[in-house]
Protein chains: 2
Amino acid sequence: MTRPPRTRPTLEEVAARAGVGRGTASRVINGGEKVSERARLAVEQAIAELGYVPNAAARALVTRRTDAVALVIAESEERVFGEPFFAGVIRGIGSALAQADRQLILLLAQASQRRGALDDYLTRQHVDGVLLLSLHDDDELPDRIRAHGVPVVVGGRRGDAREDFVDVDNVQGAELAVAHLAGIGRRHIATIAGPSDMVAGRSRFEGYVAGLVAADLPVDDRLVVRGDFGQGSGEKSMRTLLGRGVDVDAVFCANDLMAAGALRALSDAGRRVPEDVAVVGFEDAPIAMSTNPPLTTVHQSPEKMGREMVAMLLDSTRTPGVAQPGRMLSTHLVVRGST
Amino acid sequence: MTRPPRTRPTLEEVAARAGVGRGTASRVINGGEKVSERARLAVEQAIAELGYVPNAAARALVTRRTDAVALVIAESEERVFGEPFFAGVIRGIGSALAQADRQLILLLAQASQRRGALDDYLTRQHVDGVLLLSLHDDDELPDRIRAHGVPVVVGGRRGDAREDFVDVDNVQGAELAVAHLAGIGRRHIATIAGPSDMVAGRSRFEGYVAGLVAADLPVDDRLVVRGDFGQGSGEKSMRTLLGRGVDVDAVFCANDLMAAGALRALSDAGRRVPEDVAVVGFEDAPIAMSTNPPLTTVHQSPEKMGREMVAMLLDSTRTPGVAQPGRMLSTHLVVRGST
DNA sequence: GTACGAAGTGGGAACGCTCCCATACGCCAC
DNA sequence: GTGGCGTATGGGAGCGTTCCCACTTCGTAC
């Protein structure tokens with residue numbers, strides 16, 4: 001609780017040692033103009049000798065900027081570290097921020113965390129902006145943060161959102177998948193959909209329906225099962241589908257993990273892929289290359305999503321208050337052995 | 001570059017609205033003693049009305065504390081997100097810090113990062129302390145940070161380290177594994193070791209040798225292969241081992257992923273596990289439960305490691321300058337189907 | 001020789017908070 | 001009434017920066 005003693009040199013000390021004023025020393029540090037070569041060298045030497053490092057708090061206090069950006073991931077560690085999607089987004093965000101000379105701060109919104117601690121951190125101007133990655137709808141965090149004047153960009157659109165967001169165009173991607181299946185002559189196209197409380201789940205299903213309509217195929221409830229994006233649930237859903245006794249010659253799965261599960265269930269049931277049943281996934285995750293047969297899937301780029309989020313955030317720190325239109329990232333189909 | 005306009009209420013404004021002095025308002029916010037009920041209520045109401053949030057920079061400037069701790073992971077995203085070990089450590093760290101009311105800040109030391117940006121961030125008193133998770137030896141980051149008076153705890157001991165660290169007792173764990181194999185009558189115990197530039201690799205090998213010696217078995221170079229901790233390398237190493245034409249009735253693998261690869265190679269080669277060859281892994285990662293047969297392995301607890309790191313760091317912020325002795329976490333063997 | 005602009009410099013003020021000291025206000029004992 | 005003590009309170013000082021203005025110096029044009 002007590003205040004630790006100061007040991008670190010201050011700018012004033014640097015200036016004194018260099019025989020210049022505080023202002024000049026500051027100018028040297030901030031790459032300033034209008035400093036004589038002589039003064040610059042003296043200051044640089046003093047900095048090196050004293051091991052001076054600027055105090056971020058003092059600087060932030062006056063500049064009102066920290067040059068740091070928070071990425072908040074509102075998912076369990078299990079998911080964060082299990083799904084390659086997150087690694088991709090983080091890579092994209094990291095490289096874009098590094099280019100802009102901003103520090104990335106990763107915050108995991110954990111259950112263990114005291115309620116409100118995260119809000120506090122984000123609103124106390126520790127960071128210049130917040131990137132939020134959550135795949136669920138019910139979070140009010142972005143609104144609470146915005147209320148304090150901190151810019152926020154959400155990755156993965158929320159249900160109603162008029163807010164700044166970047167998302168993959170799930171509807172278009174799913175349409176693409178269904179159009180492909182219809183294009184190779186399939187007429188009984190089933191789907192293993194994602195959870196309906198997640199945007200990705202809902203809109204990929206929406207795209208599936210739109211795709212059927214576009215191909216002049218009927219929408220049949222018996223061809224729809226809902227999973228939870230896990231591999232096990234894909235396997236189980238596929239079994240359910242087969243157990244219903246309806247014709248199925250193709251399945252569109254809302255993500256690759258469920259598609260991998262479906263492939264396993266099909267193989268167990270003695271159905272050949274793609275001859276008897278064609279399978280399409282969504283994401284183009286690493287697993288899509290290592291299934292048997294390799295998975296045809298809708299390619300999305302998490303890295304690009306990350307970079308877009310950063311671009312949007314930096315934009316809105318430059319022009320505060322001006323809401324950006326949300327951005328949808330298009331997808332394309334990667335055809336492999338499963339269709 | 002320009003300074004954004006101030007819009008947020010300050011403590012002074014809160015105090016004015018509540019009809020009290022700045023000091024009293026500050027006392028209320030910091031849970032202070034010696035405040036009358038009347039003043040407390042007035043201040044709390046003013047805070048709510050104005051939506052006041054304390055400015056972290058101003059506070060840090062005077063208290064010299066930020067109540068935030070950085071966790072630096074000096075690995076590629078690929079590894080960080082691929083190995084469940086990291087998720088476990090982060091979970092442990094996160095919960096321990098939450099209990100201590102500290103914010104966890106995750107920094108990934110990426111290649112994309114400007115050289116020095118990380119150092120700058122860590123030394124500019126953004127954080128009260130640094131937890132470093134790196135499995136390689138060659139990093140001087142901890143020394144550089146310590147030189148600026150910021151406490152550091154390293155997870156996974158470095159080669160020479162006299163510094164504060166927490167590590168799993170790899171030697172003891174490997175000895176345990178070998179003793180177990182010897183105990184069930186195996187006499188030709190091979191090892192698929194880890195890379196020699198990583199402590200875990202070296203010391204698990206060291207433990208392997210010690211285990212052989214303790215069991216009165218000869219150490220035979222032809223029974224040693226080095227992998228890189230990846231599943232593919234485990235498979236390849238096992239093939240190498242089998243190809244050498246020496247008797248092998250057991251394999252100790254330096255981690256579970258390589259053990260999983262080894263199991264696959266053994267199955268491909270028509271060797272039965274555990275009848276022909278017994279296999280032991282290290283880590284007790286999730287994959288150990290899902291191999292065929294389930295893997296006997298040395299259990300370590302990444303969560304515990306995380307919690308220990310936090311405890312040590314908080315200790316050294318309380319008593320600065322006093323180096324803590326490093327802590328070794330013991331392991332135990334989990335026997336499953338592969339032995 | 002004077003006037004003027006550009007270049008370089010020093011240092012006051014301010015950022016928003018916590019710490020701490022001086023003061024005010026009871027209340028009780030004498 | 002006076003003295004003394006504990007409890008609340010207000011506000012000055014200071015944390016280490018950046019910003020900006022006023023000042024000096026020097027070179028150039030007249």
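Below, chains carry the letters A, B, ... as their sequence lines are ordered, and counting in each starts from 1. Bear in mind that the values here come from a model prediction, so they are computed numbers and not experimental data.
- Phosphate contact (OP1/OP2 of dG8(C), side-chain N/O of Ser36(A), threshold under 4.0 Å): absent.
- When rounded to the nearest whole Å, the span between CD of Glu37(B) and P of dT7(D) equals 16 Å.
- In terms of phosphate contacts, Arg22(B) brings no side-chain nitrogen or oxygen within less than 4.0 Å of OP1 or OP2 of dG10(D).
- Contact annotation: Thr63(A) side-chain N/O to dC15(C) OP1/OP2 distance is not under 4.0 Å.
- Rounding to whole angstrom units, CD of residue Glu12(A) and P of dT17(D) are separated by 9 Å.
- The distance from atom CG of Leu61(B) to atom P of dT18(C) is 11 Å, rounded to the nearest whole Å.
- Using a 4.5 Å cut-off on side-chain heavy atoms (C-beta onward), Thr66(B) and His126(B) make no contact.
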side-chain contact (heavy atoms from CB on, under 4.5 Å) between Met328(A) and Val168(A): does it pass, once the steps are laid out?
-> CA-CA 5 Å; Met328(A) 287 296 218; Val168(A) 169; over 6 Å; no
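- Using a 4.0 Å heavy-atom cutoff across all strands shown, Ala39(B) reaches sugar-phosphate atoms only and no base atom.
- Here the side chain of Arg27(B) is nearest to one of dC20(C), dT9(C), dG10(C), namely dC20(C).
- Positionally, the nearest nucleotide of DNA chain D for Gly19(B) lies more toward the 5' end than for the other of Ala58(B) and Gly19(B).
- Rounded to an integer number of Å, the gap from NZ of Lys34(B) to C1' of dC21(C) is 13 Å.
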CA sep, side-chain torsions, deciding dist, call: Leu122(B), Asp119(B), side-chain contact (heavy atoms from CB on, under 4.5 Å) | CA-CA 5 Å; Leu122(B) 294 174; Asp119(B) 285 45; over 6 Å; no
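- Using a 4.5 Å cut-off on side-chain heavy atoms (C-beta onward), Leu107(B) and Leu71(B) make no contact.
- When the P atom of dT18(C) is taken as reference, atom CZ of Arg65(B) falls 12 Å away, rounded to whole Å.
- Between the CG atom of Asn30(B) and the P atom of dT18(C) there is a distance of 5 Å, given to the nearest Å.
- Following rounding to the nearest Å, Arg64(B) (CZ) and dG16(D) (C1') show an atom-to-atom distance of 9 Å.
- Residue Ser26(B) places none of its side-chain N or O atoms closer than 4.0 Å to OP1 or OP2 of dC17(C).
- In this structure, CG on Leu131(A) lies 4.5 Å from CE on Met309(A), to the nearest 0.5 angstrom.
- One atom, CZ of Arg124(A), and another, C1' of dT18(C), lie 14 Å apart when rounded to the nearest Å.
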